[in-house]
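To find a chain, count down the sequence lines: A is the first, B the second, and so on, and within it residues start at 1.
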Protein chains: 2
Amino acid sequence: MTHDSRAEQPLDRTGPCARWPAEQGETIRQIVERAGDKWGVLVIGTLENGPVRYTDLQRSIPGISQRMLTHTLRQLRRDGLVTRTAYPEVPPRVEYALTGLGATLLDAVTALIDWAGTHHDEIVRNRARFDRDAAGS
Amino acid sequence: MTHDSRAEQPLDRTGPCARWPAEQGETIRQIVERAGDKWGVLVIGTLENGPVRYTDLQRSIPGISQRMLTHTLRQLRRDGLVTRTAYPEVPPRVEYALTGLGATLLDAVTALIDWAGTHHDEIVRNRARFDRDAAGS
DNA sequence: CTGCATCCGGAAGGATACTG
DNA sequence: CAGTATCCTTCCGGATGCAG
């Protein structure tokens with residue numbers, strides 16, 4: 001709880017914020033933060049084709065640390081987006097897979113990833129130009 | 001959302017990233033992070049209906065501090081998602097508006113919002129069950 | 001009105017070493 | 001192989017003050 005939900009504002013729409021009502025705003029922010037978590041999105045995207053092992057996940061997501069991978073998987077399991085299946089074999093094998101709920105989120109997540117991929121170059125150019133202009137001034 | 005190119009992939013889970021190019025991985029993480037940023041999402045959503053002044057933005061987004069609003073706006077401008085227009089008036093007036101690029105991101109983000117609104121009850125229940133089970137074991 | 005600068009506490013996140 | 005535990009650095013983000 002970052003801020004208290006004291007007396008509701010008169011909902012003055014000088015700047016329209018109708019999409020997120022005050023009472024749901026916090027919940028929306030929490031879930032979007034979770035769904036939009038930088039590692040969470042990539043993990044979900046990696047699981048789109050079926051179960052993946054822990055080590056394979058780590059290799060498939062460049063730059064993620066074991067700590068963050070474990071932590072992210074725990075959060076995703078907690079939200080019911082991912083299942084964990086451990087096989088009692090001599091070389092331990094654990095597979096993670098999307099739940100039905102996670103699969104529904106996959107659509108929105110892939111849209112986001114594809115958007116990023118589509119506009120990647122444009123954004124990089126925008127950033128370079130912005131930084132150059134800022135430096136000039 | 002053209003992510004239908006997965007059906008043809010040989011399902012090689014041993015290699016790095018199936019979906020996003022390795023050289024874009026870092027930027028994609030940054031972009032997803034931006035999209036998942038709680039303040040960025042709220043700012044973009046508030047700009048959905050047209051230009052909004054700085055003070056109106058601050059009032060429309062409950063809980064945001066001046067520092068974070070300025071910082072978020074700067075990041076969004078840097079990525080080319082938002083434009084800033086200053087009117088040289090005696091009482092200074094500055095309006096922020098979505099660019100075309102920002103509008104396309106809004107679509108992807110809205111999908112996330114809608115998903116969150118649809119499944120937030122289920123997620124809350126999942127979390128409660130997960131925490132209970134974890135405490136019991 | 002708009003926004004940058006600074007300080008500061010706490011959370012996020014990486015590196016490493018170790019266990020079943 | 002699949003994690004856990006610890007340390008430590010970075011960064012997020014709020015509060016305050018000041019400037020254009």
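Heavy-atom minimum distance, B:Arg53 versus B:Pro92: NH2-O, 3.6 Å. Between B:Pro51 and B:Glu95, the shortest heavy-atom distance links the atoms CB-OE1, 3.6 Å.
Place B:Gln66 and A:Arg84 on DNA chain D by their nearest nucleotides, and A:Arg84 ends up nearer the 5' end.
Not a single donor-acceptor pair under 3.5 Å links the side chain of B:Thr72 to the backbone N or O of B:Leu69. With B:Asn126 contributing its side chain and B:Glu122 its backbone, the two residues share a donor-acceptor pair below 3.5 Å.
The distance from atom CZ of B:Arg93 to atom P of C:dG3 is 13 Å, rounded to the nearest whole Å. Rounding to whole angstrom units, CG of residue A:Leu69 and C1' of C:dA15 are separated by 15 Å. Going from atom CD1 of A:Ile61 over to atom C1' of C:dG14 covers 16 Å, rounded to whole Å. Put simply, CD on B:Gln58 is 11 Å from P on D:dA15, counting in whole angstrom units. As a whole-Å value, the separation of A:Arg53 CZ from D:dC1 C1' is 7 Å. Between B:Ile64 atom CD1 and D:dG13 atom P there is a gap of 9 Å when expressed in whole angstrom units.
Neither B:Phe130 nor A:Leu98 shares a network with the other; the hydrophobic side chains, linked directly or stepwise wherever heavy atoms of I, L, V, M, F, W or Y lie under 4.5 Å apart, form separate groups for each.
OP1 and OP2 of D:dG3 both lie 4.0 Å or more from every side-chain N or O belonging to A:Thr70. Close to D:dG3, at under 4.0 Å from its OP1 or OP2, lies no side-chain N or O of A:Arg74. For D:dC1, the OP1/OP2 oxygens have no side-chain nitrogen or oxygen of A:Tyr96 closer than 4.0 Å.
Counting any heavy atom pair closer than 4.0 Å across all strands shown, A:Glu89 reaches no nucleic acid atom. Using a 4.0 Å heavy-atom distance criterion, A:Pro92 is classed as a base contact.
Side-chain contact check for B:Thr70 and B:Tyr54: at least one donor-acceptor pair (N or O, by modelled atom type) lies under 3.5 Å.
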Using a cut-off of under 3.5 Å, enumerate the N/O to N/O pairs linking the protein to nucleotides 7-13 of chain C.
residue: C:dG13; atom: N7; partner: A:Arg67; partner atom: NH1; Å: 3.1
residue: C:dG13; atom: N7; partner: A:Arg67; partner atom: NH2; Å: 3.4

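For A:Tyr54, taking side-chain heavy atoms from C-beta onward, the closest of the listed nucleotides C:dG3, C:dA17, D:dA2 is D:dA2.
When the options B:Thr99, B:Val82, B:Thr83 are evaluated for a side chain to side chain contact (heavy atoms under 4.5 Å, CB included) with B:Arg77, the one that passes is B:Val82.
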